[in-house]
Amino acid sequence: MSATPQLPPVAKLEQKTVIDLVAKGKRIDERGPESYRPIQIQVGLIEKANGSAQVHLGKSKVLAGIKVQIGTPFPDTPDEGVLTVNAELVPLASPSFEAGPPSEAAIELSRVVDRGIRESKALDMKSLVLQKGKTVQVVYVDIYVLDHDGNLIDAASMAALAALVNSKVSKMEVKGDEVINKGGHHQLPLNNYPVAVTFAKVDRTIIVDPSLEEEQVMNARLTVTIDKNGDICAMQKGGLYGFTPDEVRKAVHMAVGKAAENRARIMAAAKG
Amino acid sequence: MSATPQLPPVAKLEQKTVIDLVAKGKRIDERGPESYRPIQIQVGLIEKANGSAQVHLGKSKVLAGIKVQIGTPFPDTPDEGVLTVNAELVPLASPSFEAGPPSEAAIELSRVVDRGIRESKALDMKSLVLQKGKTVQVVYVDIYVLDHDGNLIDAASMAALAALVNSKVSKMEVKGDEVINKGGHHQLPLNNYPVAVTFAKVDRTIIVDPSLEEEQVMNARLTVTIDKNGDICAMQKGGLYGFTPDEVRKAVHMAVGKAAENRARIMAAAKG
Amino acid sequence: MSATPQLPPVAKLEQKTVIDLVAKGKRIDERGPESYRPIQIQVGLIEKANGSAQVHLGKSKVLAGIKVQIGTPFPDTPDEGVLTVNAELVPLASPSFEAGPPSEAAIELSRVVDRGIRESKALDMKSLVLQKGKTVQVVYVDIYVLDHDGNLIDAASMAALAALVNSKVSKMEVKGDEVINKGGHHQLPLNNYPVAVTFAKVDRTIIVDPSLEEEQVMNARLTVTIDKNGDICAMQKGGLYGFTPDEVRKAVHMAVGKAAENRARIMAAAKG
Amino acid sequence: MNKLPEPKQPEKLIDDKGLRIDGRRLDELRPIKLEVGLLDKADGSAYIEQGKNKILVAVYGPREAHPKHIAMPERAVIRCRYHMAPFSVDERKNPAPSRREMELSKVIRESLEPVVLTDLYPRTTIDLFIEVLQSDGGSRCAGITAASLALADAGIPMKEMVAACAVGKIEGKLALDLSDAEDKYGEADIPVALVPNAGLVTLLQMDGHLTLSEFEQGFTMALEACKTLNAMQREVLKKKYATIKEAAEEREEAEVVA
Amino acid sequence: MNKLPEPKQPEKLIDDKGLRIDGRRLDELRPIKLEVGLLDKADGSAYIEQGKNKILVAVYGPREAHPKHIAMPERAVIRCRYHMAPFSVDERKNPAPSRREMELSKVIRESLEPVVLTDLYPRTTIDLFIEVLQSDGGSRCAGITAASLALADAGIPMKEMVAACAVGKIEGKLALDLSDAEDKYGEADIPVALVPNAGLVTLLQMDGHLTLSEFEQGFTMALEACKTLNAMQREVLKKKYATIKEAAEEREEAEVVA
Amino acid sequence: MNKLPEPKQPEKLIDDKGLRIDGRRLDELRPIKLEVGLLDKADGSAYIEQGKNKILVAVYGPREAHPKHIAMPERAVIRCRYHMAPFSVDERKNPAPSRREMELSKVIRESLEPVVLTDLYPRTTIDLFIEVLQSDGGSRCAGITAASLALADAGIPMKEMVAACAVGKIEGKLALDLSDAEDKYGEADIPVALVPNAGLVTLLQMDGHLTLSEFEQGFTMALEACKTLNAMQREVLKKKYATIKEAAEEREEAEVVA
């Protein structure tokens, strides 16, 4: 069951400061309403993964790792590989995270990142088939949150994309009953590069890339995931209140530019 | 672990009223001790199921749905299909039901309905085999309790039987490695029509079809499942106290007639 | 998460008595520091198991049962059978055990026993293969604690070994797609006979085979598992404090003799 | 081999006359049936049929929070469970909650939170149980529409009711209220919930592919449909209270006669 | 292919002399061994062998309810776990509780509730752990018979002890106390528990096929067998107290001598 | 067929010059990198690279025990979770905790309990989260080494820091600090944790085959390595405090100037 979340007690005064600043077009960390925090992207940190990337979004830190395994296709898509996106909100990252099965926040995070990749057709699913209906590559995208200072969706979405771009997989084929290495490596075949851009509504103002302090006072959250053509491939509204239709429209338009900027950062970092 | 259940606090006065009435051969809803509440049976409500039926037993409402899937037989019965009966006591149906894995009440309910079907050999298990030892039809009978006003066993048993009678399954066969439709439909092959009849002992009186108010004051409960020949195929005693041997004998004899009446209702409704 | 355990409140006075006695080179049950409690071993009690043994170590009672089933090998060891050791701390055995999934104590117990068997290469894993990469025997060693009066590791280790020695398995082979009995039985092929010896440090004294009362006041615990050649095959330190290097060395040396004594007892009992 | 033979993909989702596989126009809602107050034990209940969707919603509460530590001192906690019956979909669904059901429970709860006057009932819970008996695309939206009615039926004070509807893209065209097959073989789906008078969008998700102008157009279609649905919701409640009033008047008359 | 070769089905369950595969007559119980007080840590314990069934029962309590919210202000809560060891059956049983074990835990608890004087120990629990070390048909009944003894051994006040026994139908004939093979290849099984002096049936289940007159006859056989088992139970307790008394007298004598 | 082609077993673990596959001598530690204070939200944190191990540790606490019943009236409860990221090993690891992770969480906690002054913080918990981002043999020891630093970084009062290192046997020879491949194809592994000044061994496990004299020799090697690691730990803290002091002095100077 999903229940109204119990937010950590934030000092009322601090809360008011955050809101008042936003109302004046300012922010507590001195950014403008439409600015991201500093973004750092590092790829290839996890040598045992088929791809990996760490994103620092301000003080938020997210690590994504790709593992490619061998498995069977789903019965209704015998000519496609399998993509699994999983997010772990490990208790190392925040006093509000608990050990145990994925919380609804972790599930929402993984599903929003998953939709971005899947719906933009970023990963060429057909190329993952080794033997139709029988043997396919299973691509695991595991998102590991290491420090939670807000806007995990954008950090995770960037880390996942950078890790995919960073990927290196042995060339394989099926011989008889076995999967064997053909020799050589290739990148996972990517056709698109989706980037999530998240907005928060604080008081009556729309800001981009909310920090944790801002998330704790926001009315609602809207993520718009934009593909390489500037089209929308996923959206997700969250939070206890709503947006006016015009706020939605404004956010969607703003997302296109922000996504392009962040995509450029990812590509630069991932290709080294 | 099974623990003495915590019953909801029923006002002592109300409790006494229910008991006193039964002691006088009357009941709080003006039925006689040997009368069922009004029974309504509707079949075919769930088009996506292979069979479905909704039973209103007084204010109790139970929906049963049949799904036929393809699977493998159990290793020790390679020449039989698989029957799985599952009951969900969803929290929508009662303030006393909770979300989560099946409670012991849900497990008992499903197992008593299962035993009636299985032990009366109602479903022809051998006819479900598509390829001996390899491919069989798996028949899921899912019981969904929608409103709990007592005597769920009888309501569920009737709903399950009506849904089986209502069933419509594509004709299938195995060709090479695949299951294909041969075209056409058939009813699941039924050889028997078991009906559960439940008695409660309130004070020292045996009544049939206890309502929730009666269940909350009953000493014990006895279900007798009767097959189409008037023979017994399953029994289950429940509750914190017991029955005298003579009370058991009386209930068993009474069950035969009640089962026949309810079976006639089911067949009429299911065949439409 | 592993948490500092909440020990049952042992009367301070009683605690002091246990410690004072050990400090004087004595023990509450009148043993010497280097003596085991009386050991009784009975094999073959569970006819339905492929092997079984019950060990009484003082008032501690542990039952081990072997089941041999058919399964598939792990992909990375296609030419080996499978060994699974599992320990259940059922709530029947102690007021401190709870029903539910295995506690960390149960997991540690099973893993220490497992390591003794596996690392000493006691069980000939290759001989369990019926068809390389496809069909192997899976040996389950299930440890059932019936009465917990301390030092479960040694009792479980002895019971597991005695049950393996007591084992009797049908001779099998694979014909076509089926496993069939060739007729006759054999013992599981054993190449080694590991025995665990556990020490506790109470105050500053090392004692062997701690009883429950001693475990409740001990600083730390050290298990040394010795193989038939007097070599070490497994070790495990437990408890909230530590050992000096010299205490460790002393325990390791003492373990060799104790293991030999207990191994002789097991072999005598198991071979009958 | 653990699957039934699949139903075939329809050859076309839109025919030459611009009609969809179920005969609807692109901007047409499926037939909708709304009922309230069907369940005996729940404090409030509602039922919706929208196309082949059949969804039952129960509300329990405001009631004492259990376990106690989930209570909030200054407001009621809203809890929501979106759950699918095993027989509600083509392939039997395991009754344990899936990740999808957990996500939908969250976004549905969030779509309703803004209208419920939770501060009237501190330390309590208001529990919403949405049982999808049959699913046919758009079940989260239909669930929200019905849940608002169930809350009203339970007498939970609300600012107004929330209505929800999805718009999608099939064969390159925007289409209202996608059915299962349209969702499966279509190109995009945007579920939207609207609080009509406040003009607040409280559910908004999307998956697939949409240009900005397609989104703009589709979003507007969805908002209009939400308003239509909201009118239906109000109609149902009006009818209910009329019935109650009638019954009361008849009772009064009867008393006068007596 | 994940199964051992199956043991063969016996050709006949009843031979020409009317004897069963283990040589018993139709109305004969299997050999029974009862012991009490074997466990050190439990407050009470008992052990039963009935045929190849080997079942150990421990009782803990009355003890403080934990967690507290399960306590009842006016009576003790009885908790019961029927559990099978992984090696107790032909094919290894997963140690996690199965649906069957959960149902049996419930009906066993309900069979014992009526005799325990729970109102003497409000706010406590009395916990019963039934561990089936080897199972051979009729383990729920043997478990009840042993559990009553364990309760007595723990000094829990009871009105009297409950005894249980099953009767079944094999090859068309009623037979007492079915073994595993008889249960598997037979036609019906009726486990019954009786509170002998009160004349109360507190466990009654049945599966298979029985005419009414077969039921009537079998039910009576089972009730009689319960009475026989109850006499055995009482004998065991008598012997236990005799031993205790003897030991006490010896001690007294020794003291006098000293 | 659900596995990738396996990496090949190295032909030799020790070459003709007595060097190991990564070029180390038998008594040589892998390159080690230690950092503290990298995480923003944690009360203390540390990071270790030891060979290809990459391990991040966070400490939260002392903080209020939650749920309350786990609190102890006379001391802080230490809780510890050793957990591996799914991508940390060759074959993807399911994120649910394995039995191995549960055992390691216990022995790591027990290795640190003796040095923490838990009696200063009754009724609280001190929580240690060890996340193995990449695993390369010896991760439990590296985790302990880093955890001590994270506790220091969190300002938790300790008697001293614990350091840990494993020694193993490969191709019949004792070798310090086994890598993954050496552990897999070697003959024994002995993880050891030492409280250096107190001279207390607080972690000691072993699996494989060792004669008594091999154990004696290897154990001594491991203890020496723990002392080396402890010096590194102290160095890192010294550097941290130097940096803090410098920053403070600069601030002071700046203030003087201003």
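Basis for what follows: all heavy atoms, side chains included, without hydrogens, waters or symmetry-related copies. Numbered from 1 within each chain, the chains take letters A, B, ... in sequence-line order.
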#### Entry: Beyond-backbone contact of F/R92 with A/D142, side-chain heavy atoms, under 4.5 angstrom
yes

### Message
Which residues in residues 33-47 of chain F have any heavy atom closer than 4.5 Å to a heavy atom of chain A?
### Response
F/L38, F/L39, F/D40, F/K41, F/A42

### Message
Quick check on the structure: residues of residues 125-134 of chain F within a heavy-atom distance below 4.5 Å of chain A, by number.
### Response
F/F129, F/E131, F/L133, F/Q134

### Task
Step through the shown structure and confirm whether more than 12 heavy atoms of other residues, nucleotides or ligands are within 6.0 Å of NZ on A/K59.
no

### Query
At a heavy-atom separation under 4.5 Å, does F/V57 approach chain A through its side chain, its backbone, both, or neither?
backbone

### Query
What salt bridge (Lys or Arg N to Asp or Glu O under 4.0 Å) pairs are there with at least one residue in residues 38-49 of chain A, not counting sequence neighbours?
A/E47-F/K54, A/K48-F/D180

### Query
Side chain, backbone, both or neither: which part of A/L212 has a heavy atom under 4.5 Å from chain F?
side chain

### Task
Output the option from A/S94, A/P101, A/A49 having the highest count of non-hydrogen pairs under 4.5 Å with chain F.
A/S94

#### Entry: A/Q15 atom CD, over 12 foreign heavy atoms within 6.0 Å
yes

### Query
What part of F/A96 is in contact with chain A, defined as an atom under 4.5 angstrom from a non-hydrogen atom: side chain, backbone, both or neither?
neither

### Query
Should A/N86 and F/P95 count as side-chain neighbours, where that means a heavy-atom distance under 4.5 Å?
yes

### Message
Holding to salt bridge (Lys or Arg N to Asp or Glu O under 4.0 Å), I want the full list of residues that pass it with F/E103, two or more places apart in sequence or in another chain.
### Response
C/R111, C/R115

### Query
Should the ring pair F/F87 and A/Y144 be called parallel, tilted or perpendicular, given that the plane angle runs from 0 to 90° and is split at 30 and 60?
perpendicular

### Query
More than 12 foreign heavy atoms under 6.0 Å from NZ of A/K182: is that the case here?
yes

### Query
Is any side-chain heavy atom of F/R81 less than 4.5 Å from a side-chain heavy atom of A/P91?
yes

